[in-house]
Protein chains: 2
Amino acid sequence: MIIIGELINGMYKAVTRAIADRDEVLIHHLAEDQVKAGASILDVNVGPFSNDPMSDMRWLIETIQKTVDVPLSLDSTKIEVIEECLKITKKRAVVNSTNADIERMDRIFGLAKKHNAQVIGLAVDKSGVPDSREKRVELGAVIINKALEYGLSIDDIYLDPIAMPINVAQAQGIEVLETIREFRMICAPAPKIVIGLSNVSQGAKKRSLLNRTYLVMAIASGLTCAILDPLDKDLVDAMIAAELIANKNIYCDSFLDAYRKK
Amino acid sequence: MIIIGELINGMYKAVTRAIADRDEVLIHHLAEDQVKAGASILDVNVGPFSNDPMSDMRWLIETIQKTVDVPLSLDSTKIEVIEECLKITKKRAVVNSTNADIERMDRIFGLAKKHNAQVIGLAVDKSGVPDSREKRVELGAVIINKALEYGLSIDDIYLDPIAMPINVAQAQGIEVLETIREFRMICAPAPKIVIGLSNVSQGAKKRSLLNRTYLVMAIASGLTCAILDPLDKDLVDAMIAAELIANKNIYCDSFLDAYRKK
């Protein structure tokens, strides 16, 4: 399971403040703590309130790269920001994200090929988030085909079925879980499959319980990656247990510690 | 989700002692607590150390029926014990269990028809627990066919794919989860599907974590019933959250309480 740490995001007030004050200490802590807790990629997002996303993203990336040595997920809707960031990331980056719109895919996959980056592809297009698994799978296939057209390898694509908040789109839970199963069969080898986990509990109570339960169900369906809070210990414990049951790691009495040491 | 409470079982020392001493108080507590925590059926098992299973089962059943008014799951390998118990259960009983052997099915389904009981059918035969999902599904179909032959309705059969301990048969986890999916498609309407949950963590560490993670994965695959410890609050919370994500109950902010009040 690939964990993409979600905590360096301007959605969090402390991060917005750190960006405004150019406070490296908080960002260093968030980067180190997430990597220590198991994140192998860190998401970087200046949030919706940034006045200068280009400069803020650049500062975040430079700050993070002073303290940890992991790939970054460049989380921005602005293609020109992504393009600049791809020039300064030291490790192979993940572009977060493209949707299934032709123009955006052309730009993003072109950039990804040029800069040897991976890409998260969202199963959504101009008509919005699909209601059904069938439409999601169709968009997933469109994304894979376009990526291959640009010379990317399947292994460099993370398909995202778009997990929706339970309290507003409850019926979508099953659709997303079934989409994950079908994404696995879309091509061989199967693409990576990712969800933005915290989204499922947005606005709901008992968020940690809902997040970890959703993650375990998604792992049962074949999820291979999630953008999540790696500092939620109960969540990571549940993930480790689910991967054990799915036979991805060998059981030993100290399986929680063993996984974390690895 | 149908919860069959597992705690009245001679595997637990306190229960063995209560049986030996004819101590009604402990049994009353175990029965009431499990029903209050959400069990709609109580499993009754004298355990492996009973010198007189017939008399001990009869006493347990009579004792339980003095305090709660729920169906009982008659958990015994001895057909003559099951036959006697079926005569004294006040609610419609569940026979736990038959396997896919012809002689046992003939006896158990004959009794079930005569006494209007439901039956748990284990996907196992004389050659033991199958390694593969295919063999499990084949045995499930054999059980369903034989039950129908005896005039039982599909709705009265609980198919059990046999969940194995993770620490000795780790690769079986996925086989069991896939079997659950395939059991749903074995006939229409789908049969009930049950697992003996605690078995998966037998001899392992972090049993509660493994149990609730396995349960959530099984619910994602379509499980409709489990024999479990309803007093494990984290386990029941996880079950409620999983059923919410699977859209079996409507989300509200107090979804944990709402489920329990129902």
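Chain A is the first sequence line, chain B the second, and so forth, proteins listed ahead of strands; every chain is numbered from 1. Just so you know, these numbers come straight off a predicted model, no measurement behind them. Values below: every heavy atom of this structure, side chains too, minus hydrogens, waters and symmetry copies.
- Other residues, nucleotides and ligands contribute more than 12 heavy atoms inside 6.0 Å of the NZ atom of B:Lys262.
- A 4.5 Å side-chain heavy-atom check between B:Phe255 and A:Leu210 finds at least one atom pair inside the cut-off.
- Contact count against chain A (heavy-atom pairs under 4.5 Å) is highest for B:Ala241 among B:Ala241, B:Cys252, B:Ala218.
- Looking at every heavy atom in both residues, A:Ile219 comes nearest to B:Met217 through CG2-CE, 4.5 Å.
- For chain A, the nearby part of B:Arg181 is the side chain; its heavy atoms alone come within less than 4.5 Å.
- B:Glu175 does not touch chain A: none of its heavy atoms, backbone or side chain, sits under 4.5 Å away.
- Considering only heavy atoms from C-beta on, A:Val200 stays 4.5 Å or farther from B:Ile245 through its side chain.
- Rounding to the nearest 0.5 angstrom, the gap separating the CG atom in A:Asp253 from the NZ atom in B:Lys205 is 5.0 Å.
- Interface residue B:Leu244: backbone and side-chain heavy atoms are both found under 4.5 Å from chain A.
- In terms of non-hydrogen atom pairs under 4.5 Å with chain B, the most contact-rich of A:Ala238, A:Ala242, A:Gly203, A:Ser254 is A:Ala242.
- For B:Asn249, the part lying near chain A is the backbone, with the side chain staying farther off; criterion is any non-hydrogen pair under 4.5 Å.
- In this structure, B:Glu243 CD and A:Thr213 OG1 are separated by 11.5 Å, a value rounded to the nearest 0.5 Å.
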